[in-house]
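Every chain is numbered from 1, with letters handed out A, B, ... down the list of sequences. Quick note: numbers below take in every heavy atom, side chains included, and nothing from hydrogens, waters or symmetry partners.
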2 protein chains.
Amino acid sequence: MADQKTKTRHHHGNLRAALIEAGIDLLSEGGVEALTLRKCAARAGVSHAAPAHHFDGIDGLRVAIAEEGFLRFRKRMLDFADAGEQSPRGRLQGICKGYLAFAREDPALYDVIFSFRANSELIEQVQVNAAPAYQVLRDTCAPLVPPGTDPLVIETQVWSLVHGYALLNMTGRFGACTPPDDAVLALLDRIGIAA
Amino acid sequence: MADQKTKTRHHHGNLRAALIEAGIDLLSEGGVEALTLRKCAARAGVSHAAPAHHFDGIDGLRVAIAEEGFLRFRKRMLDFADAGEQSPRGRLQGICKGYLAFAREDPALYDVIFSFRANSELIEQVQVNAAPAYQVLRDTCAPLVPPGTDPLVIETQVWSLVHGYALLNMTGRFGACTPPDDAVLALLDRIGIAA
DNA sequence: ATCTGCATTTTTACACTGTAAAGTTTATCG
DNA sequence: CGATAAACTTTACAGTGTAAAAATGCAGAT
């Protein structure tokens, strides 16, 4: 019995999923500041204290939202990789474009995903949820790792580059004179080649 | 008269500076969540409504804190650049090390500095405050820009790389197996060279 | 020197948020 | 059918930002 993972029982049905959905909507509509336990509860049609039985406070909800966010993040990267040129470097370009697309399409969700800090108590669970998304980047980098090089070095170079570029865009750093994505993506072609 | 910029008059003295100082202390002690108008006021020994006459709400205080933060950020980069090898690439390595040092020494202040988003109403003032810090990076990159290349391309590559690496560190991405800084800094030597 | 004006600060008040505790409803199972 | 537990509501409280009004005290003018 009770085989369906998200059971639709009791009063509301599956409140947990509804709250996560409401939270993601609030984020896309009003940014990180708009994400509130009470507003999520109101959208789901329950009292403001109901979420307490499904999440460990507002941070617990944010972790759950990040879990769903990482799923979408991963999907976006894979979609772009599958749609582009099917060479190792073509796929790397693809996932980086998907990376940027996700950040631009839902910047608040992107912010939530990367809002947990290393000293947080929640960081371990967030890392578990993030692992499949990072694995995409890892797999895509793998064919480009030169023999004798630690894969972590290549992965770190790629992640840092695209992550930093996405953030600099979101912080409005470039203002009117925004560089084209190619300015950064071109550097990808210099990663992992013999010096 | 009234030539001294931050005048020390009236009741408190210069409450504005005291509130900024209190805010920076709160950040380093308790992270971004600990930054509160009321706590800053309490530390400065004034009532909780006093800050309203010096800042435009909590966001106004955050902008002012970011202004001071960018000053310290700039100084940290210049200190590292001046202390290292005095070649164009040596200085670039220096400012990047200073960049990372600042982020690690005061992660919450670093977070505040880069917390304003492009759609914010405050972004223009933040950009003004940030300009001197970014100019350091710009000046350091200048000697490494190949003829015929837009300097913005080189700057963006360098900023994205170090900014992303700093953030990935702070989000605890690497966990136990943290790559050495050299894994990323080494890529700097491939920036701006002929393909 | 005193008085008036004004910047500064305090007091008071209110809405919103997270959270805890106790009570109520309802599904599930014996 | 009744007992039990899960889901949810109600109530309550502390902390936060913010606005408005009242009080304070310095500066310059008369």
Side-chain angles (χ1 to χ4, degrees), chain A residues 1-23 25-27 29-65 108 112 115-116 120-122, chain B residues 1-23 25-27 29-65 108 112 115-116 120-122:
Chain A
M1 346 289 161
D3 201 11
Q4 329 156 358
K5 37 173 30 179
T6 58
K7 27 187 146 181
T8 67
R9 286 185 277 242
H10 289 314
H11 303 121
H12 175 279
N14 53 356
L15 181 54
R16 186 186 148 91
L19 290 168
I20 293 174
E21 188 68 24
D25 290 347
L26 283 169
L27 281 172
E29 292 169 18
V32 280
E33 310 229 320
L35 180 60
T36 284
L37 263 182
R38 287 170 112 105
K39 278 192 268 201
C40 287
R43 290 219 172 187
V46 295
S47 80
H48 69 267
H53 291 263
H54 298 275
F55 307 101
D56 188 9
I58 180 64
D59 281 329
L61 174 61
R62 291 178 63 250
V63 169
I65 288 177
V112 168
S115 67
F116 302 91
S120 165
E121 308 164 358
L122 310 148
Chain B
M1 330 304 157
D3 201 10
Q4 329 156 357
K5 34 171 34 177
T6 59
K7 26 188 148 181
T8 67
R9 285 186 276 244
H10 288 313
H11 302 119
H12 175 278
N14 52 356
L15 179 56
R16 187 186 148 91
L19 289 169
I20 294 174
E21 187 69 24
D25 289 348
L26 283 169
L27 281 172
E29 292 169 18
V32 279
E33 311 229 319
L35 179 61
T36 284
L37 262 182
R38 287 169 112 105
K39 277 192 267 200
C40 287
R43 289 219 173 186
V46 296
S47 81
H48 68 266
H53 291 262
H54 298 275
F55 307 102
D56 189 9
I58 179 65
D59 281 329
L61 173 62
R62 291 179 63 252
V63 170
I65 288 177
V112 168
S115 67
F116 302 92
S120 166
E121 309 164 357
L122 310 146

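Going from atom NZ of B/Lys39 over to atom C1' of D/dA14 covers 12 Å, rounded to whole Å. The CG-P distance, from A/Asp56 to C/dG18, rounds to 13 Å in whole Å. Following rounding to the nearest Å, B/Arg16 (CZ) and C/dT9 (C1') show an atom-to-atom distance of 17 Å. Between B/Leu61 atom CG and D/dT18 atom C1' the separation is 14 Å, expressed in whole Å. Between the P atom of C/dG18 and the CZ atom of A/Phe55 lies a distance of 13 Å, rounded to the nearest Å. With rounding to whole Å, B/Glu33 atom CD is found 11 Å from C/dG18 atom C1'. The interatomic distance linking A/Arg43 (CZ) with C/dT17 (C1') rounds to 17 Å, in whole Å.
Between A/Leu61 and A/Leu37 there is a side-chain heavy-atom pair separated by less than 4.5 Å. Taking the side chain as every heavy atom from C-beta outward, A/Ile65 and A/Leu35 approach each other to under 4.5 Å. Counting heavy atoms from C-beta on, the side chains of A/Phe55 and A/Arg16 come closer than 4.5 Å. Between B/Val63 and B/Phe116 the shortest side-chain heavy-atom distance falls below 4.5 Å.
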(message) The test is salt bridge (Lys or Arg N to Asp or Glu O under 4.0 Å); show your working for B/Glu29 and B/Lys39 and say whether it passes.
(response) CA-CA 12 Å; B/Glu29 292 169 18; B/Lys39 277 192 267 200; over 6 Å; no
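Closest to the side chain of B/Ile58, out of C/dG18, D/dG17, C/dA21, is D/dG17. Considering only side-chain atoms of B/Ser47, the nucleotide from C/dT10, D/dT18, D/dA7 that sits closest is C/dT10. You'll find that the side chain of A/Leu37 is closest to C/dT19, out of C/dT19, D/dG17, D/dA19. For A/Leu15, taking side-chain heavy atoms from C-beta onward, the closest of the listed nucleotides D/dC8, C/dG18, D/dT18 is D/dC8.
Checked by distance alone, B/Arg38 brings no side-chain donor or acceptor within 3.5 Å of a matching partner on the base of D/dG15. In terms of polar N and O atoms assigned as donor or acceptor, the side chain of B/His48 comes within less than 3.5 Å of the base of C/dT12 in a complementary pairing. In the interface, the side chain of B/His53 is not paired with the base of C/dT8 through any donor and acceptor atom under 3.5 Å apart.
Across all strands, B/Thr36 comes closer than 4.0 Å only to sugar-phosphate atoms, never to a base (heavy-atom distances).
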